[in-house]
Amino acid sequence: MTALLSLAGVTAYYGAIQALKGVDVEVNEGEIVTLIGANGAGKSTLMMTICGSPRARDGRITYDGQDITQLPTHLIMRRDIAQSPEGRRIFPRMSVYENLLMGAHGRPAAEASETMEQVFGLFPRLRERRLQRGGTLSGGEQQMLAIGRALMSRPRLLLLDEPSLGLAPLVVRQIFGAIRELNRTTGLTVLLVEQNAFQALRLAHRGYVLVNGAITMAGTGADLLARPEIRAAYLEGGH
Amino acid sequence: MSGTALRSPAARALRDAFLSALVALGIFGVMVGLRTDPGARSLVLSWHPVPVAVAVAIVFFGRLALSGWRIARPAGTAAPRRLAEGMTHAGRYVAPVFLILALTLPLYAGRYYLDLGILVLTYVMLGWGLNIVVGLAGLLDLGYVAFYAVGAYTFAIAATTFGLGFWTCLPLAGLFAAIFGVLLGFPVLRLRGDYLAIVTLAFGEIVRVVILNWVSLTGGPNGISGIPRPTLFGLTFLADGGPGSFADYFGIEPNITQRVIFLFYVILAMALLTNWVSLRLRRLPLGRAWEALREDEVACRSLGINVTVTKLTAFSIGATFGGFAGAFFATRQAFISPESFTFIESAIVLAIVVLGGLGSQLGVALAALVMIGGSEMLRGIIILGVDLVEYRMLLFGIALVVVMVLRPRGLVSGRTPSVSLGRPREISAELVAEGRG
Ligand SMILES: Nc1ncnc2c1ncn2[C@@H]1O[C@H](COP(=O)(O)OP(=O)(O)O)[C@@H](O)[C@H]1O
Ligand SMILES: [Mg+2]
């Protein structure tokens, strides 16, 4: 079986600083894969490199059998890949409804209302707040909106950058529950970047550990959770 | 400064008012108090203390009143909420009333008011055009006058060298301005905020300087004269009538007012077109992408929006309307020179957009009316020996400061969602975060 998304020997730079040092990652169709690592390890960079900004300097990124390494960002994002970026980045002055519509940008209008119903089914809170301005939502609701907005383009692959950041444990559980539910019922493939290693590894089928721009460990979620070095570095004392 | 916190609000207000009056004394003492009059052999400096005292007193008591109002309305409570709501509700009725007033103006207004109306409408159109760039797409453009100039010169050159008429040249002027919009857009794609503002400011100046120095094409400082007037389906509006003129065709007395009325309706139609296009665009995916871009560029990228194209279309569509307005300016004046396209024009149009409430169509129109019409009304009003019109820039400044203090999001600051479910709902001005975007 070939992977839906694969990165082979990918490097990325910010000016002279190398942020990714030859990364190999594979995500198979229908999987939840998590990428864990400390602050500044390069997790967000890896996610953004998949989207073409910054562009990979070496290596190859293939999606669905096609080389997307050199594609411009907006074309990558139109290939049924969707992203919920770090820090949520919802549109604060637009209503929830308008935010969701932005997620369906460039797609037929008739499809949008149907997809929105599915999003509302997943996050009923968003339906209640659909006329409210995005900036006035709570952190958890904003995260739901960010994920919902990404789902509006009907992706096959969803990239999530630290959805648990700054949220109460109960809300995190709610959001991770929704991701699991989506994956189980629709077969959505998810690449989840997290610092919250414990929860992420419990949710994911497989995981990678990123340290200083390089993958140091890989395995199934349960396997990684059991490893003492993971426990020492990411679970105990951390969150 | 531990004492400051302990002092009573009244004492603080008094101190504050005193400091403001001191600043006012510094400013007005020089600007109003000192005047040069032609003397026997050279200019004679004379000192006028009374107007200075009046100005300083106004500032002192104005500041005191403002502080008093602040104390009466403790921080945290909503700003004049009823006023804000009233304005947004009134908006529904104000716009049609203004439209009817504008449409019927030639019936009861004389030449002077028609000319003033034409001037105001030109700025309304410029404001609506710039609003696309600044208000909707959030790209701070300080060089909008460049497109106004390009439109004016495109028409003037095409008309005087190829003998083309206004209506033939109008699309051409828009097209050229749009091309310049893209030309400006490309280098500034990666810039935001202050950096963008500086480059656009420079762009406006470059265009003006090129016009000033390309004498063979533009006539340099002498400008271009003899620009033809617009015609109504081929009918001219010459002062002496003659065959082929409007007056001749309808068998009425030729009258210069007929041309003024015609020009008035032309600019009214052009301004309304600008408004209609902006309103339509806001509802299209492109317009929504502009608004999203203003809010968060990174998020736009992650949603697959082509940021490059989105920015360039904002610049070029905004520029197109600037170009149209420029062509109209040229045909109305029949003469243009680089002096009409200085930075102050960009600043005035930007002030209109900001004053009106970024993104609000009605607000922009009101702001243009107040700033252009209002400042013209000052002409001839002489207080304490000074003609107020000479202080219009100062009054602009005061108006801007007052509005920014009272209503930081502009006169009409509610944002109507471009899409709504069932009953449209206004996002009230209070909920709109201040100082963002
Ligand atoms: N825009 C940028 N310019 C320069 N360096 C950056 C930029 N973004 C991230 N970095 C650097 O790249 C490294 C990886 O950052 P990032 O991918 O954000 O890490 P993570 O998401 O794992 O916390 C860090 O050392 C960070 O300082
Ligand atoms: Mg990160």
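First the proteins, then the strands, lettered A, B, ... as listed; each starts at 1.
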Engineer: How many angstroms lie between atom CE of A/Met94 and atom CZ of B/Arg288, to the nearest 0.5 angstrom?
Structural biologist: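 Interatomic distance, A/Met94 CE to B/Arg288 CZ, rounded to 0.5 Å: 8.0 Å.
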
Engineer: Mind running side chain to side chain contact (heavy atoms under 4.5 Å, CB included) on A/Arg149 and B/Leu303 for me, showing each step along the way?
Structural biologist: CA-CA 8 Å; A/Arg149 187 179 65 180; B/Leu303 295 177; 3.8 Å; yes

Engineer: Using modelled atom types only, decide if a donor and an acceptor are shared between the side chain of A/Arg78 and the backbone of B/Gly304 within a distance under 3.5 Å.
Structural biologist: yes

Engineer: For chain B, find which of A/Met152, A/Met102, A/Arg88 contributes the most heavy-atom pairs closer than 4.5 angstrom.
Structural biologist: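 The option with the most such pairs is A/Met102.
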
Engineer: Look up atom SG in B/Cys300 and atom NE2 in A/His74, then write down how far apart they are to the nearest 0.5 Å.
Structural biologist: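 Between atom SG of B/Cys300 and atom NE2 of A/His74 there are 13.0 Å.
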
Engineer: Would you sort out whether B/Glu295 and A/Arg89 count as a side chain to side chain contact (heavy atoms under 4.5 Å, CB included), showing the intermediate values?
Structural biologist: CA-CA 9 Å; B/Glu295 304 250 306; A/Arg89 291 196 172 263; over 6 Å; no

Engineer: Is atom CZ of B/Arg280 surrounded by more than 12 heavy atoms (other residues, nucleotides or ligands) closer than 6.0 Å?
Structural biologist: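 12 or below, so no.
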
Engineer: Counting only heavy atoms from other residues, nucleotides and ligands, does the tally under 6.0 Å from CZ of B/Phe180 exceed 12?
Structural biologist: no

Engineer: For the CD1 atom of A/Ile90 and the CG atom of B/Asp296, what is their distance to the nearest 0.5 Å?
Structural biologist: 9.5 Å

Engineer: To the nearest 0.5 Å, tell me how far A/Cys51 SG sits from B/Arg301 CZ.
Structural biologist: 11.5 Å

Engineer: Just wondering, are more than 12 heavy atoms of other shown residues or ligands nearer than 6.0 Å to CG in A/Asp24?
Structural biologist: yes

Engineer: Measure the spacing between CG of A/Asp161 and OG of B/Ser302 and express it to the nearest 0.5 Å.
Structural biologist: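 Taking CG in A/Asp161 and OG in B/Ser302, the distance rounds to 10.5 Å.
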
